[in-house]
Amino acid sequence: MCVSPCVVGHTEQVIDHSHCTSCWGYPKTECRFGWPLSPPNDLLFLVDSHRHKYKEHKHKDHKKDKEREKLKHGNGYKLQTAYTSSTGVAPPHVKCEPDDDFYHSPKHEKSLKRERDDDEDYDFKSKKVKTENDKKDKKRKQMEDIKPKKTKDKKGETADGKKKAKKEPEEKWKWWEEERYTDGVKWKFLEHKGPVFAPPYEPLPSKVNFYYDGKAMRLSPEAEEVATFFAKMLDHEYTTKDIFRKNFFKDWRKEMTSEEKAKITDLKKCNFSEMSDYFKAQSEARKAMSKEEKLKIKAENERLLQEYGFCIMDNHRERIANFRIEPPGLFRGRGDHPKMGMLKRRIRPKDIIVNCSKDSKHPQPPPGTKWKEVRHDNKVTWLVSWTENIQGSIKYIMLNPSSRIKGEKDWQKYETARRLKKCVDRIRTQYRDDWKSKEMRIRQRAVALYFIDKLALRAGNEKEEGETADTVGCCSLRVEHLKLYPENDGQEYVVEFDFLGKDSIRYYNKVPVEKRVFKNLQLFMENKEPDDDLFDRLNTSILNKHLQELMDGLTAKVFRTYNASITLQQQLKELTNVDENVPAKILSYNRANRAVAILCNHQRAPPKTFEKSMQNLQTKIEAKRDQLSDAKRELKSAKADAKVRKDEKSKKAVETKKKAVQRIEEQLMKLEVQATDREENKQIALGTSKLNYLDPRISVAWCKKWGIPVEKIYNKTQPHEVFFFSFFFSQIESNSDP
DNA sequence: TAGCGGACTTAGTAATCGATTC
DNA sequence: GAATCGATTACTAAGTCCGCTA
């Protein structure tokens, strides 16, 4: 038995599940007050650990928690699940294999077939593309030229007042029914118009001054442009950071004339405020533009999108994700990035490599310029690339997630995760065996894999020191990132993780581990300095090579996908209550989604307007409550009236009042659910897991089962639309019951 | 087999959109 | 019609992983 406090501090005796391979030490039980059992520090982690300077800890705010508790209990809506913390805290990892089995390969799994004749006969030439697509594209283009997209008003009219033409049912390209290319070929025909470059620099009006040491100073256009980058960020925290200022000043000086360089020697003496005010005024003016002016800009953007935002890949017009070249500016590295503030230089045609078919109409560089290179490499998916000057890495223009090329990859990802499900038990048995190995490298590999599996840690590639922020993943953990407690808060063998992960987001977690893991960790840490590697005989390449031997296509990252999806499925099963109405079920979905986001450590900065928006919602709730008591009072008096009068009219009045009460009660409940959901979501980002880790089939199957409109879960532009709306629906219906 | 570059996915935040309210 | 505010989209940084090279 162990004693484990729930998220608000109640203690409860529970059976020790730490050796249970089903729940991995997280027994699914609540404390006697209905709160989920969870290590108390999770709360600290969620409340305080957004993006951190390492070791800046804050402590749990009990008062806040109590307020949240009040909110939860006071909302009059009984929450049904184990995950009912109003802070959104859920056990950090819930990983029980569900009894029913949606997350498996479908019985009649269709292959990704591309129906076509022999490759050689298959004509991918642009000519054919035009004849096949011309009509549709032309029509679409004409339509879009006439009316800017999405500018209809409530009555379904376009911005120019014309009635919106009835939307034609769009023909979806069922790429998943077609055969995939082999040998790394990604496409056979690719045509596009190239990138859109950042607009040239427009010098400041002469009335807007830069001041040095209190005196107005005219800067050369080159120096002025870089100064404007700083001026535009003046209100941002970045400009207060020493590294940012140092890097900026160094790079800025490189753009100065020798006279400017001689004069401007101290950033503290630079005054950018007039420039900053000018940009703020411009921004305000943009907001205050007339409807017509705004429409004109919108139309121009739409024109650019139509011209440059699409390409033709293998007979299909596909949306490009980022057709605009990144404009110049100051580099905004995340966390304590040593290069923040450096000048990101302007990209010109001579920096650009274009990739397209030989037989396509090649994109033309702007007049008087040349591309760096025109390439015809159909084994890659990018259309345009350039090398950026900060890290020297390559940047790409690629297709939108709705494209075939991205969708296929996404699908493969989830199929690999489903294959992992079939052999995960064997893999777990093996790494548990390996904890006892005579070889240190095997023990390290096995413990690292246990963490990747149990805690959904990232692989943790090695990074070049001093080039980026100091962040780690599993394989690159250092001794200083872990603390071992043989006993902590009534639990045995507790490991405390505290490190900065991707994007310098803090990972803080205290978890009980199995005895052998604990003993191994002690061994790995023996005679090491805090900044030594925990796993000194391991790196991601060794780990992935091992995983590849265990299952074809298996890498560390597949565990994250698998565990995220299986957690969603299991949580949905656990949290969904048959008696609940649609909004309550959606709350359950969001809670399941939240459990995944917590598992994957997807955090966000609380929105700036969070407190205000919560307050607004509370005001609305109060008003609704008043309205409800009024309605109840009216019902009571109507009933009394009916008792005296005993006529039809008064009976009818009672019915009307009853209905009004019911309606208001429903409205109140909706608002309360909304408040709970929002509060729980304060610091958790759901989007990342939904977009990248959750097999859409699970969500769609759940929607189907409970009659929830899919649009409540995925908005229509989310990339999964193609695959779930058609193919998977039929698959789900014929195969399984989630 | 280590090291590195290249290609691609995953990630949080800023900017913009558009529905709602006054 | 303007203001407000949550939702959505755009942007781009920061990861993972693979394959080539010496």
Side-chain angles (χ1 to χ4, degrees), chain A residues 50-51 149-154 159 184 186 233 236 283 286-288 290-291 294 297-298 301 305 309 321-327 329 331-335 337 339-340 344 353 355 377 379-382 385 387-388 390-401 405-406 409-410 413 458-464 467-469 471-476 500-505 539-545 547-548 553-558 560-561 564 597 600-605 607-610 612-613 616-617 620 674 678 681 683 685 687-689 691-693 715-718:
Chain A
H50 184 250
R51 181 169 293 128
K149 263 185 187 172
K150 292 179 191 170
T151 50
K152 65 180 168 72
D153 66 13
K154 279 179 205 164
K186 302 285 169 40
M233 290 178 73
H236 204 289
S283 160
R286 227 172 296 130
K287 278 182 208 159
S290 70
K291 207 174 165 187
K294 281 183 183 168
I297 291 171
K298 209 171 173 183
N301 282 336
L305 173 71
N322 54 326
F323 59 93
R324 289 171 204 272
I325 299 278
E326 294 172 20
F331 177 69
R332 302 181 180 204
R334 295 173 190 161
H337 201 294
K339 296 190 173 181
M340 64 166 75
K344 229 175 82 162
I353 303 174
N355 193 31
D377 182 357
K379 298 206 167 169
V380 296
T381 65
W382 55 267
S385 77
T387 304
E388 54 93 27
I390 306 288
Q391 332 255 18
S393 64
I394 306 170
K395 299 255 182 170
Y396 302 95
I397 289 182
M398 289 182 186
L399 294 193
N400 190 279
I405 221 156
K406 295 285 183 191
K409 252 321 197 32
D410 220 30
K413 175 179 77 186
R458 294 188 185 85
N461 283 316
E462 285 142 289
K463 296 170 76 182
E464 218 174 313
E467 290 293 299
T468 56
T471 62
V472 296
C474 186
C475 294
S476 51
L500 298 183
K502 182 175 178 179
D503 292 325
S504 294
I505 298 289
N539 61 37
T540 52
S541 148
I542 296 171
L543 179 67
N544 281 336
K545 223 168 257 173
L547 293 176
Q548 185 63 40
L554 185 61
T555 63
K557 144 177 133 68
V558 180
R560 240 167 113 80
T561 313
C600 295
N601 200 33
H602 291 145
Q603 299 185 50
R604 62 166 183 171
K608 282 171 197 143
T609 53
F610 184 82
K612 202 180 164 194
S613 86
N616 289 348
L617 206 48
K620 271 190 195 171
Q674 202 185 340
R678 195 175 293 171
N681 237 22
Q683 287 191 278
T688 307
S689 48
L691 209 62
N692 299 306
Y693 289 103
N715 71 50
K716 59 175 184 273
T717 54
Q718 255 156 352

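Throughout, protein chains are lettered first and strands after them, A, B, ... in sequence-line order, and every chain is numbered starting at 1. Worth knowing before you read on, the calculation uses all heavy atoms, side chains too, and leaves out hydrogens, waters and symmetry mates. This structure is a prediction, so every number in the text was calculated from the model and none was measured.
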### Query
Is the backbone of Tyr396(A) close enough, under 3.5 Å, to the side chain of Asn322(A) for a donor and an acceptor to pair up by distance?
yes
### Message
My understanding is that only residues two or more places apart in sequence, or in another chain, count here; which of them pass side-chain hydrogen bond (donor to acceptor under 3.5 Å, both in side chains) with Lys502(A)?
### Response
none
### Query
With sugar-phosphate meaning primed atoms plus P, OP1 and OP2, does Thr540(A) contact a base, only sugar-phosphate, or nothing at under 4.0 Å between heavy atoms?
nothing
#### Entry: Nucleotide dG15(C), atom P - distance to CG of Leu500(A) in whole Å
10 Å
### Message
Expressed as a whole number of angstroms, how long is the span from Asn461(A):CG to dG19(C):C1'?
### Response
15 Å
### Query
Side-chain N or O of Lys395(A) less than 4.0 angstrom from OP1 or OP2 on dA13(C)?
yes
### Message
For a quick test of reading the model: is some side-chain N or O of Lys298(A) closer than 4.0 Å to OP1 or OP2 of dT16(B)?
### Response
no
### Task
Quick one: label Gly333(A) by what it contacts on the DNA or RNA (base, sugar-phosphate, nothing), any heavy atom closer than 4.0 Å.
sugar-phosphate
### Query
Roughly, in whole Å, what's the span from CD in Glu467(A) to P in dA13(C)?
15 Å
### Query
What residues form a side-chain hydrogen bond (donor to acceptor under 3.5 Å, both in side chains) with Thr555(A), not counting sequence neighbours?
none
### Query
So, is Thr555(A) close to the dC17(C) phosphate, meaning a side-chain N or O under 4.0 Å from OP1 or OP2?
yes
### Task
Could you tell me whether Asn544(A) contacts a base, only the sugar-phosphate backbone, or nothing, with contacts defined as non-hydrogen atoms closer than 4.0 Å?
sugar-phosphate
### Task
Report the distance from atom NZ of Lys545(A) to atom C1' of dC18(C), rounded to the nearest whole Å.
11 Å
### Value in whole Å for how far the P atom of dA10(C) lies from CD1 of Ile397(A)
14 Å
### Task
Heavy atoms under 4.0 Å is the rule here; annotate nucleotides 2-11 of chain B 5' to 3' with B where the base is hit, S where only the sugar-phosphate is, and - elsewhere.
----SBBSBS
### Task
May I have the distance from Met233(A) (atom CE) to dA14(B) (atom C1'), rounded to whole angstrom?
11 Å
### Query
Of Ile397(A), Thr381(A), Val380(A), which is the lone residue that meets side-chain contact (heavy atoms from CB on, under 4.5 Å) with Asn355(A)?
Val380(A)
### Euclidean distance, atom CZ of residue Phe323(A) to atom P of dA10(C) [Å, nearest integer]
8 Å
### Query
Would one find a side-chain N or O of His236(A) under 4.0 angstrom from OP1 or OP2 of dT13(B)?
no
### Query
Are the side chain of Lys294(A) and the backbone of Lys287(A) linked by a donor-acceptor contact shorter than 3.5 Å?
yes
### Presence of Gln391(A) side-chain N/O under 4.0 Å of dA14(C) phosphate oxygens OP1/OP2
yes
### Task
Select base, sugar-phosphate, or nothing to describe what Ala556(A) touches, counting heavy atoms under 4.0 Å on all strands.
sugar-phosphate
### Message
Treating Asn539(A) as the side-chain partner and Cys475(A) as the backbone partner, does any N or O pair qualify as donor plus acceptor under 3.5 Å?
### Response
no
### Message
How many whole angstroms separate atom CZ of Arg604(A) from atom C1' of dA14(B)?
### Response
14 Å
### Query
With sugar-phosphate meaning primed atoms plus P, OP1 and OP2, does Lys294(A) contact a base, only sugar-phosphate, or nothing at under 4.0 Å between heavy atoms?
nothing
### Message
Between Lys339(A) (side chain only) and Ile390(A) (backbone N and O only), is there a donor and an acceptor less than 3.5 Å apart?
### Response
yes
### Query
Do Asp503(A) side-chain atoms and Ile505(A) backbone N/O form a donor-acceptor pair below 3.5 Å?
no
